[in-house]
Asker: 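One structure is given below, represented as structure tokens, and several questions about it will come after.
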Amino acid sequence: MSTATRQSTTGAAGLGTPGGVEVRLEGLRRSFGEVAALNGLDLTIGPGELVALLGPSGCGKTTALRVLAGLERADAGTVVVGGRDLARVPAHRRGMGMVFQAYSLLPHLDALDNVAFGLRLRGVSAAERRRRAGEALELVGLSAQAHRFAPQMSGGQQQRVALARALAVEPSVLLLDEPFSALDAKVREQLREEVRRIQREVGTTTLLVTHDQEEALSVADRVGVVRAGRLEQVAAPQELYRRPATPFVAEFVGQVNRVACEVGAGGAEVLGRRLPLLPGSTTTSGPGTALLRPEDIEVAPEAGGSSGGAPGGAGARGTVVQLVFLGAATRAVVQLDGGGEPLVVHLAARTGEHTAPGARVVVRAAQVPVLVR
Amino acid sequence: MSRQPTGTDKGTSKGAGPRTAVVVRWVVLGVAAAAALVPLLAMLDFSTRTPTGGRSGGAWSSLTTDPDLSAAILVSLQLALLTAVVVVALLLPTMLLVALRLPWARQPLELVCLLPLAVPAVVVVVGVAPVYAWVVYLLGGSPLNLVFVYAVLSLPYAHRALAAGLGGLDLRTLVEAARSLGARWPDVVLKVVLPNLTGAVASTVVLVVAVVLGEFTVASLLGYDTLPVAINLVGKRDAELSVAASLASLLLAFVLLLGLSLLPVGRRRRAAPAAAVLSPTPAAPPGTGAPS
Ligand SMILES: Nc1ncnc2c1ncn2[C@@H]1O[C@H](COP(=O)(O)OP(=O)(O)OP(=O)(O)O)[C@@H](O)[C@H]1O
Ligand SMILES: [Mg+2]
């Protein structure tokens, strides 16, 4: 990027490549002995997009990121960035910015020199280096800490410096491996917002690895769910949550109730309603288990015996066994009369206030497509 | 030096007031200082005595004029520096490689490096003598040939010092961060690892120099005239001169140590790791062990 273009931009002072580049991972495989850390992982990240990889511990998220960075070799598969196959490009020439889970500031350099380190390696002149490192520090709000060494900064500050350092080299791709997992919830949330803001501002294609689903859902343009070394589904957060492609995704992202149901020609018979099946359903006829979100279950007090609950037909009857007040809503656990796993449901604030443990209720599925396994 | 911790422990563990603690501290310091200084002062006293009971600086002035001695001093200094360079140049990259790429080799390497401690010098000579026949045949008879044995003999100390320095770093993360920022391997070693190991490398150098300046057995048995060997020889004809030489080499090592510990480590940073590793050095006082 030329100096002229950089000076023409405002705000982030031209850090990063406007628009970003496309990243394609194709059929990545990597085994450590018997363990297949990556087992045919495919992922495409659009230019300037922020994709989060979400998955249980040990599913291969970090390995995927390290293969992209060139810090780990793949047994098979290709890494293509900006149309270029990186198979023969070593880590130090990939031009990617990376923030690690572990604190990684160079102990012998202060914050400013740490941020300037990548520029120094690129032979940027001292004055230019200081200016650009200063800008990057300003971007993460740490100009005042420029001359502090790592032990003199909090964990959150160190990770911000690490972020500034990764951004200062104007990386083609930004790689974040659980950068905030060592920080407390409040700081984590704040930094998460900040990363999002900066990433939008700079427009760098970004891959974020996390096992915090709230982080993934709130920050990413798209979220990829990884399971045993391959991508189970990659989709926008709402889509992932509302239309999970597989039972694994439904159960891993957010909360689900497992409800016994009967699948027939017109859909699944669940809690007194016939619901259309989502494409990823593994049971398409006969008895199955429907995966229902708590907010997709309607709850009404049991009417004096005869009428059978809410208008439109019968639901299932049950007893409230536990109530947890959450402020705006109340979470209730309902044990159905027919037995089975207790259901977790959400009550609107008003309803919650008038419900007590032991209350008799009728529950019914909302009219939404459902995944059945 | 080794008495110090017990002394202070006693002072504080009884819940004694701060004043008692201070007194105990000074007493301990005084005893330690006396233990270290009295022999040195005695050496100074002896080396400046004349047979008739007067004082003379004669032994000290012939330190530089005695041809055997001055040649030996030069040889030992060259050997010390050469060995230090060789050991650091060999061991540091090896330890980095092991730490980053061959983690299974860490323990075997440590074991191998500690071996020279377990083998008596005399045995080393017996084993090394045939090898040296070849070394002399190929490289000539320069006493600098000793650098090979000395490198081996200083491995235990060098390994300890470097391992302590490396242990204080999250090497893998630092290296990977640097690599992703565009550092080639030479950059990684020169701009990431070394700057964070200045303390450890400095103490390695001090330890190696101390080992080399103090080594007598191997040099003597292989027939090379290093400083300790020369001091021993001189001592047979001129005791004052030999003691003066011992004291001088001790002072030299001390000045070296002081200089290295005052080195600005990582600019404004706390030099804690460096100081910690430097402390064992006085346990190997050069030039004193063998002669007189
Ligand atoms: N260097 C290695 N040597 C041996 N096994 C490894 C190595 N790196 C990763 N693995 C294994 O590969 C699998 C995937 O590891 P990876 O670090 O990618 O998981 P992850 O999804 O990042 O997990 P986490 O959320 O716990 O960080 C794990 O079973 C792990 O034990
Ligand atoms: Mg990981």
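Below, each value reflects all heavy atoms present in this structure, side chains not excepted, and no hydrogens, waters or symmetry copies. Chain identifiers are assigned alphabetically (A, B, ...) following the order of the sequence lines, protein sequences preceding nucleic acid strands; residue numbering begins at 1 within each chain.
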Asker: Checking A/L175 against chain B: side chain, backbone, both or neither under 4.5 Å from a heavy atom?
Answerer: neither
Asker: With only heavy atoms counted, which part of A/A69 is less than 4.5 Å from chain B, the side chain, the backbone, both or neither?
Answerer: neither
Asker: We want to know whether B/R179 and A/H92 form a side-chain donor-acceptor pair, criterion being a heavy-atom distance below 3.5 angstrom.
Answerer: yes
Asker: Walk me through whether A/F117 and B/V192 qualify under side-chain contact (heavy atoms from CB on, under 4.5 Å).
Answerer: CA-CA 10 Å; A/F117 185 75; B/V192 176; 3.6 Å; yes
Asker: Would one find more than 12 heavy atoms of other residues, nucleotides or ligands at under 6.0 Å from atom CZ of A/R122?
Answerer: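 For A/R122, atom CZ is crowded (more than 12 foreign heavy atoms under 6.0 Å).
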Asker: Take A/R66 and B/E176, measure what side-chain contact (heavy atoms from CB on, under 4.5 Å) needs, and give me the verdict at the end.
Answerer: CA-CA 10 Å; A/R66 289 169 54 82; B/E176 289 187 345; 2.6 Å; yes
Asker: How long is the straight-line distance from CG of A/D177 back to OG1 of B/T173, given to the nearest 0.5 Å?
Answerer: 10.0 Å
Asker: Any heavy-atom pair between the side chains of A/P107 and B/L169 that's under 4.5 Å?
Answerer: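 They are in contact (side-chain heavy atoms under 4.5 Å apart), so the answer is yes.
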Asker: CG of B/L174 to OG of A/S104: how many Å apart, nearest 0.5 Å?
Answerer: 7.0 Å
Asker: Quick one: does any side-chain atom of A/R94 pair with a main-chain N or O of B/G182 as donor and acceptor, under 3.5 Å?
Answerer: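 Between the backbone of B/G182 and the side chain of A/R94 there is no qualifying donor-acceptor contact (under 3.5 Å).
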Asker: Please test A/R120 against B/K191 for side-chain contact (heavy atoms from CB on, under 4.5 Å), starting from the C-alpha separation and ending with a verdict.
Answerer: CA-CA 10 Å; A/R120 191 172 120 204; B/K191 296 179 181 164; 3.6 Å; yes
